[in-house]
There are 2 protein chains.
Amino acid sequence: MTTEEKIFEAAFNVFQKKGFTGARMQEIADEAEINKAMLHYFFRSKEKLFEAVFMNAFGKLAPQINGIFNSDEALFEKIKKFTDSYISFVMEYPFLPQFIIQEMNNNPEFVAKFLKDEKRPDPTKLLKQIESEIELGIIKPISPKQLLLDIFAMTAFPFAAQNLVKGIINISNDEFFQLMKERKIHISEQIINAIKK
Amino acid sequence: MTTEEKIFEAAFNVFQKKGFTGARMQEIADEAEINKAMLHYFFRSKEKLFEAVFMNAFGKLAPQINGIFNSDEALFEKIKKFTDSYISFVMEYPFLPQFIIQEMNNNPEFVAKFLKDEKRPDPTKLLKQIESEIELGIIKPISPKQLLLDIFAMTAFPFAAQNLVKGIINISNDEFFQLMKERKIHISEQIINAIKK
DNA sequence: TTTAGGTTTAACCATTTGGTTAACAAAAAT
DNA sequence: ATTTTTGTTAACCAAATGGTTAAACCTAAA
């Protein structure tokens with residue numbers, strides 16, 4: 001592994017755990033087991049390093065989302081695939097949702113930048129599909145945006161609020177992951193039950 | 001308004017926007033229009049000030065949640081009341097969910113402290129009620145914990161991921177609030193539709 | 001063997017940051 | 001009226017932090 005890769009990986013871990021303002025360049029250097037000056041040698045500044053990490057993180061998620069949302073399958077099929085593949089993916093990077101949400105909130109100016117990115121999640125097609133399936137009488141009349149929110153909320157929230165969830169329903173990390181595994185089918189069942197005619 | 005109140009209010013705003021690590025004592029002082037030394041005069045340290053703000057924030061939410069969850073009403077009624085009152089409340093403090101979630105994630109040691117608080121949200125009774133209503137044949141068989149997660153996720157997520165949501169479905173702040181208003185009934189409808197027999 | 005390129009390190013720097021102090025003012029208590 | 005307590009300020013401080021620099025160190029090509 002090259003030094004640059006070591007830095008990137010360490011930065012990914014530290015930024016994810018501590019957020020941008022909480023992360024320390026020294027801590028990233030320590031975790032990468034390299035000299036702090038190397039961070040600036042390869043990435044110029046904390047901002048630049050963060051941006052690289054953040055865009056990479058988002059870049060992992062977005063194509064997956066778009067791939068499913070923009071396919072030609074039926075809505076129910078999309079919902080099933082999305083919940084399953086999103087949760088499977090996020091279980092490998094359990095801090096990704098909270099990281100993305102947190103930084104989008106703390107750096108509002110950052111939102112604009114990434115929304116111009118070609119890889120940004122674009123639900124336009126899915127929203128139209130929902131409308132059309134309502135007209136076709138396949139699903140109950142419902143606000144497409146609300147349904148989209150439902151899908152995101154049910155899948156992403158437990159990870160985003162991980163520690164809170166573990167604390168409140170009083171479960172261990174292992175139990176949490178077990179719950180998330182079961183949740184893959186639970187969510188699509190719930191949503192489809194709610195909207196099918 | 002006393003100086004202490006001015007400080008508290010300013011701290012509440014700044015911590016909410018920037019998080020603990022992102023917040024600056026000077027910024028809080030500026031927002032409160034007082035000398036920075038007063039922060040330490042009244043609250044000793046950044047940690048202490050933060051703790052006061054955080055516990056207060058949680059203290060606003062938790063009783064409301066517990067009040068509904070532990071009442072003697074039927075499940076459907078509880079769900080309706082919860083989504084309505086939670087969203088109404090959070091619309092007045094739109095940054096509260098993201099603030100709480102973020103700090104619970106960034107300060108895991110903080111979780112333990114607040115879980116000992118008497119005001120912590122305790123879903124035990126609600127979980128038992130769900131089980132019993134399943135046995136009574138009122139609702140479909142379903143994992144009580146998953147249902148609890150569903151309720152929290154549907155209500156809290158849009159606020160927690162506010163900026164992301166606004167960006168992705170491309171709506172203004174006003175439209176977002178309109179959507180949240182409609183969401184009060186939308187959520188309970190969705191969930192009840194999904195679980196009713 | 002030399003040299004030119006990128007890579008790595010330790011020491012250093014300026015600024016920011018949370019926190020303190022000592023003097024001072026305004027109430028409160030005596 | 002005077003002392004004591006409480007509130008307030010400006011100046012200051014040490015530590016932390018992001019960032020720089022110049023020299024040393026490789027290593028592969030000339």
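Reminder, nothing fancy here: chain letters follow the sequence lines and each chain counts from 1.
Counting heavy atoms from C-beta on, the side chains of B:Phe42 and B:Leu49 never come closer than 4.5 Å.
Taking atom CG on A:Leu39 and atom P on C:dT7, their separation rounds to 15 Å, with Å as the unit. A:Gln26 places its CD atom 16 Å from the P atom of C:dC12, with the value rounded to the nearest Å. Per the geometry, NZ belonging to B:Lys36 stands 10 Å off C1' belonging to D:dC13, to the nearest Å. At whole-Å resolution of the value, CG in A:Asp30 and C1' in D:dA16 are 14 Å apart. When the P atom of D:dG7 is taken as reference, atom CD1 of B:Ile7 falls 11 Å away, rounded to whole Å. Between the C1' atom of C:dT7 and the CD atom of A:Glu5 lies a distance of 15 Å, rounded to the nearest Å. In this structure, the NE2 atom of A:His40 is 14 Å from the C1' atom of C:dC12, given to the nearest Å. Rounded to a whole Å, the CZ atom of A:Phe42 is 18 Å from the C1' atom of D:dG18.
Across all strands shown, A:Met38 has heavy atoms under 4.0 Å from base atoms, whether or not it also approaches the sugar-phosphate. Nucleic acid contact class of B:Ala29 (heavy atoms, under 4.0 Å, all strands): none.
Relative ring orientation between B:Phe20 and B:Phe50 is described as perpendicular, the plane-to-plane angle rising above 60° on a 0-90° scale split at 30° and 60°. Note on ring orientation: taking the six-membered ring where Trp is involved, the planes of A:Tyr93 and A:Phe12 are perpendicular (angle over 60°, cut-offs 30° and 60°).
Judged purely by distance below 3.5 Å, without hydrogens or angles, the side chains of B:Gln98 and B:Asn163 never pair a donor atom with an acceptor atom. In the model, B:Asp150 has a side-chain atom that pairs as donor or acceptor with a side-chain atom of A:Gln190 under 3.5 Å.
The side chain of A:Ala37 lies closest to D:dT21 when the candidates are C:dT21, C:dT7, D:dT21. The B:Asn35 side chain lies nearest to D:dA10 when the options are D:dG19, C:dG19, D:dA10. Considering only the side chain of B:Met25, C:dG18 comes nearest among C:dT8, C:dG18, D:dG18. Taking every side-chain heavy atom of A:Tyr41 into account, C:dT7 is the closest of D:dG18, C:dG19, C:dT7.
A close approach under 4.0 Å does not occur between any side-chain nitrogen or oxygen of A:Ser45 and OP1 or OP2 of D:dG18. One finds a side-chain N or O of B:Thr3 lying less than 4.0 angstrom from the OP1 or OP2 phosphate oxygen of D:dT8. One finds a side-chain N or O of B:Arg24 lying less than 4.0 angstrom from the OP1 or OP2 phosphate oxygen of C:dG18.
Residue side chain B:Lys46 does not reach the base of C:dG19 through any donor-acceptor N/O pair under 3.5 Å, judged by distance alone.
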